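Report on the following structure.
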Amino acid sequence: MSNRKSEESAQSLPVRHPESGRRYALEELEALAAEGDPWALTKMDEWEVHFSNEYVGPMKDRCPDPECDQYGEPVTLCYAENGVLLDIDHGGWGHAPSAEPQAKAS
């Protein structure tokens with residue numbers, strides 16, 4: 001059995017590993033990450049951490065949800081125009097408030 005055929009077919013496959021020095025568009029990184037490319041997965045994680053930090057609020061409130069694992073930890077509370085609590089932002093993640101009746105923001 002010859003390995004020549006398998007070597008030829010491996011060489012004719014599209015390059016899955018990123019090319020050194022090449023800049024990739026976000027869509028290309030997402031596609032590579034979806035295929036399981038470890039380099040692309042790492043870059044996507046780095047991108048998400050970098051850009052999620054730009055949208056983090058002041059984190060001067062405390063999580064009011066007793067059902068949350070991080071109850072009492074610093075958060076940013078997001079309110080609707082009518083003062084109803086919409087979201088509890090923990091920085092890298094967030095959650096809706098519990099179903100308990102909620103006080104309006106003053």
Side-chain angles (χ1 to χ4, degrees):
M1 183 167 162
S2 171
N3 287 339
R4 183 177 186 102
K5 187 174 185 177
S6 62
E7 288 174 11
E8 288 173 2
S9 62
Q11 290 175 354
S12 64
L13 292 175
V15 176
R16 288 192 61 230
H17 187 73
E19 299 167 23
S20 180
R22 178 174 171 223
R23 294 184 65 116
Y24 285 82
L26 182 58
E27 294 79 20
E28 291 175 302
L29 283 176
E30 288 173 340
L32 287 169
E35 293 173 6
D37 185 284
W39 179 86
L41 288 167
T42 301
K43 290 299 178 186
M44 287 299 299
D45 288 344
E46 289 173 5
W47 186 88
E48 288 172 358
V49 167
H50 174 76
F51 286 102
S52 69
N53 289 340
E54 290 186 12
Y55 300 104
V56 172
M59 306 286 284
K60 62 183 178 182
D61 301 306
R62 300 283 175 192
C63 182
D65 188 350
E67 295 177 16
C68 178
D69 291 340
Q70 294 186 3
Y71 173 70
E73 295 293 320
V75 296
T76 299
L77 300 177
C78 305
Y79 294 94
E81 290 179 9
N82 63 1
V84 174
L85 181 61
L86 294 176
D87 187 58
I88 301 168
D89 180 9
H90 286 267
W93 67 283
H95 58 88
S98 63
E100 296 177 16
Q102 308 194 4
K104 289 187 175 184
S106 52

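Throughout, numbering of the chain's residues begins at 1 and tracks the sequence. Computed from a prediction, not measured in an experiment: that's the story for all the values here.
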Can you name the side-chain contact (heavy atoms from CB on, under 4.5 Å) partners of [X], sequence neighbours left out?
X	value
A25	E27, E28
A80	N82, L86
D87	C78, D89

For R23, what residues pass the salt bridge (charged side-chain N to carboxylate O under 4.0 Å, His left out) criterion, not counting sequence neighbours?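 R23 satisfies salt bridge (charged side-chain N to carboxylate O under 4.0 Å, His left out) with no other residue.
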Derivation and outcome, side-chain contact (heavy atoms from CB on, under 4.5 Å), residues C68 and E73: CA-CA 10 Å; C68 178; E73 295 293 320; over 6 Å; no
Atom of L85, atom of P97 and distance for their closest heavy-atom approach: O-CG, 3.5 Å
Closest non-hydrogen contact found for T76 with M59 is OG1-N, 2.9 Å
Answer yes or no: is there a side-chain heavy-atom contact under 4.5 Å between R62 and P74?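 Yes, at least one pair of side-chain atoms sits under 4.5 Å.
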Linking I/L/V/M/F/W/Y whenever their side-chain heavy atoms sit closer than 4.5 Å, directly or via other members, would Y71 and W93 fall into one cluster? no
Is it possible for you to say whether L32 and M44 belong to one hydrophobic cluster, with membership spreading through side-chain heavy-atom contacts below 4.5 Å?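 Shared cluster, yes.
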With sequence neighbours left out, write down each residue that passes side-chain hydrogen bond (donor to acceptor under 3.5 Å, both in side chains) with Q70, or none if nothing qualifies. H90
Just jot down the side-chain hydrogen bond (donor to acceptor under 3.5 Å, both in side chains) partners of E30, sequence neighbours excluded, or say none. none
